[in-house]
Amino acid sequence: MTNGASLSRRAAAELIGTAALLVVVIGSGIQAAALSADAGVALVANSLASAIGLGLIITLFGPLSGAHLNPVVTLSSWWGRRIGGEGLDGREALVYTAAQTAGAIGGAVLSEVMFGHTPGTFSTQVRGGGHLLLGEVVATAGLVLVIQGLGRIGRAKFIPVAVAGYIAAAIWFTSSGSFANPAGTIGRSFSDSFTGIAPQSLPGFIAAQLLGGILGLALAALLYGNGRRAPKRPAAEVGEVAETAVVAEIGTTGQAYQTVS
């Protein structure tokens, strides 16, 4: 949920937030690989830093832009509006996606420069194979399900910690390492490092992520329905509202007012 800021301010938040996320992911990966030759130790450090950073970024930018930081999340929001719920319109979704992609590339280049690498060098780490693409489908579907599920049961306030926790776990339980973000995937192709991905691997990964997003939306609709559920009111509060409604109806001249939505 946003605070009604202008589209330009929300786009700036998406750009800066996504750039910050890539700085955390790539920077922690470079640092971890430099400090330890053990790939397992490096992955522990990278996953923890990525999860903590993501949770903080969502908490900071969420009230401004919703902190999507991810075109799949943005497209999920756009779809939610198309089926009658809250979300972004088509123009807003395009602006968000462009800002996220630009931010991801900028964050990747900043990370490279910060660690003394030549900026603009593409990754040489090819990530191919059907098993990795399946991992991306699973990772992205789970991410969308977490976000949509919490939103539809009225518990959106838990999204920052839930998404951070999910990503920390998915980095380990998916074969792909859970990129789960088309903009982030493009950004990571600009870093020839521990967390990079070669440009030739982008089409397969992005297609898998989009498919995972669709699957996540379908699962959310199956489990929670298409609309957001209103949180349950305490019994005492329901009684007070009902009594107010009765008094309002009696006090009018033949016109009843519905006070409970």
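- L94 has its side chain out of reach of T74: every pair of non-hydrogen atoms, C-beta onward, lies at least 4.5 Å apart.
- Listed by first then second residue, pairs satisfying ring pair (Phe, Tyr, Trp, His ring centres under 6.0 Å) with a partner in residues 72-91 number zero, not counting sequence neighbours.
- The side-chain contact (heavy atoms from CB on, under 4.5 Å) search around V161 returns none, not counting sequence neighbours.
- Scanning for side-chain contact (heavy atoms from CB on, under 4.5 Å) contacts around V24 gives an empty result, with sequence neighbours left out.
- The main-chain N or O of L150 is never found under 3.5 Å from a side-chain atom of R155 such that the two would form a donor-acceptor pair.
- At distances below 3.5 Å, at least one donor-acceptor pair connects side-chain atoms of S189 with backbone N or O atoms of I186.
- Within the structure, the ring pair (Phe, Tyr, Trp, His ring centres under 6.0 Å) test picks out no pair touching residues 8-43 (sequence neighbours left out).
- Closest heavy-atom contact between E14 and A99: CB-CB, 4.3 Å.
- Identified under the side chain to side chain donor-acceptor pair (under 3.5 Å) test for residues 157-166, with sequence neighbours left out: none.
- Sequence neighbours left out, not one pair with a member in residues 12-48 passes ring pair (Phe, Tyr, Trp, His ring centres under 6.0 Å).
- No donor-acceptor pair closer than 3.5 Å links the side chain of N46 to the backbone N or O of T195.
- Between I167 and S178, the shortest heavy-atom contact is CD1-OG, 4.0 Å.
- Taking T97 as the reference, nothing meets the side chain to side chain donor-acceptor pair (under 3.5 Å) condition, with sequence neighbours excluded.
- Shortest non-hydrogen contact noted between S76 and V144 is OG-CG1, 3.8 Å.
- The distance from atom OG of S176 to atom CG of L132, rounded to the nearest 0.5 Å, is 6.5 Å.
- Remark: side-chain polar atoms of Y96 are paired, donor with acceptor, to backbone N or O of S65 under 3.5 angstrom.
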Begin with the C-alpha distance, continue with both residues' side-chain angles, and end with the deciding distance and a verdict on side chain to side chain donor-acceptor pair (under 3.5 Å) for T18 and Q100. CA-CA 6 Å; T18 310; Q100 292 155 0; 5.4 Å; no
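- V126 and I206 fall into different hydrophobic clusters, where Ile, Leu, Val, Met, Phe, Trp and Tyr are joined by side-chain heavy atoms under 4.5 Å apart, directly or via other members.
- When atom types are taken as modelled, the side chain of E136 and the backbone of A180 share a donor-acceptor pair closer than 3.5 angstrom.
- Of the inter-residue distances, the one linking F115 atom CZ with Q31 atom CD reads 4.5 Å to the nearest 0.5 angstrom.
- One distance of note links CG of N181 with CG of L21; it measures 7.0 Å at 0.5 Å rounding.
- N70 places no side-chain N or O within donor-acceptor distance of the main-chain N or O of A183, the cut-off being under 3.5 Å.
- Alongside L56, the hydrophobic cluster contains I52 (criterion: ILVMFWY side chains under 4.5 Å).
- Between P199 and P203 the shortest heavy-atom distance is O-CD, 3.7 Å.
- Under the 4.5 Å side-chain heavy-atom criterion for ILVMFWY residues, no single connected hydrophobic cluster contains both L35 and I30.
- Taken to the nearest 0.5 Å, the NE2 atom of H68 stands 8.0 Å off from the CD1 atom of I147.
- For A208 against V137, the heavy-atom pair with the smallest separation is O-CG2, 3.5 Å.
- Taken to the nearest 0.5 Å, the OG atom of S123 stands 8.5 Å off from the CD atom of Q200.
- Side-chain N or O atoms of T174 include none that pairs as donor or acceptor with a backbone N or O of I171 at under 3.5 Å.
- Looking at residues two or more places apart in sequence or on another chain, you find a side chain to side chain donor-acceptor pair (under 3.5 Å) between Q148 and R152.
- Under a hydrophobic clustering in which Ile, Leu, Val, Met, Phe, Trp and Tyr are joined whenever their side-chain heavy atoms come within less than 4.5 Å, directly or via other members, L210 and I214 fall into different clusters.
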Please determine whether side chain to side chain donor-acceptor pair (under 3.5 Å) holds for the pair H131 and S175, giving the CA-CA distance in whole Å, both sets of side-chain angles, and the decisive distance to 0.1 Å. CA-CA 7 Å; H131 66 293; S175 57; 5.5 Å; no
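- Linking Ile, Leu, Val, Met, Phe, Trp and Tyr whenever their side-chain heavy atoms come within less than 4.5 Å puts L202 and L75 in one cluster.
- Of all the heavy atoms in G17 and I57, the pair that sits closest is O-CG2, 3.8 Å.
- Residues passing the side-chain contact (heavy atoms from CB on, under 4.5 Å) test with A34: none are found, sequence neighbours excluded.
- Taking F205 as the reference, F179 meet the ring pair (Phe, Tyr, Trp, His ring centres under 6.0 Å) condition, with sequence neighbours excluded.
- With sequence neighbours excluded, the residues satisfying side chain to side chain donor-acceptor pair (under 3.5 Å) with D192 are T124.
- Judged purely by distance below 3.5 Å, without hydrogens or angles, the side chains of T140 and Q209 never pair a donor atom with an acceptor atom.
- Looking only at distances, no side-chain donor or acceptor of E112 sits under 3.5 Å from a matching main-chain atom of F190.
- With hydrophobic clusters built from ILVMFWY side chains whose heavy atoms lie under 4.5 angstrom apart, L219 shares a cluster with Y224.
- Side-chain atoms of S201 never come within 3.5 Å of backbone atoms of I197 as a donor-acceptor pair (strictly under, hydrogens ignored).
- The CZ atom of R188 sits 6.0 Å away from the CZ atom of R127 when rounded to the nearest 0.5 Å.
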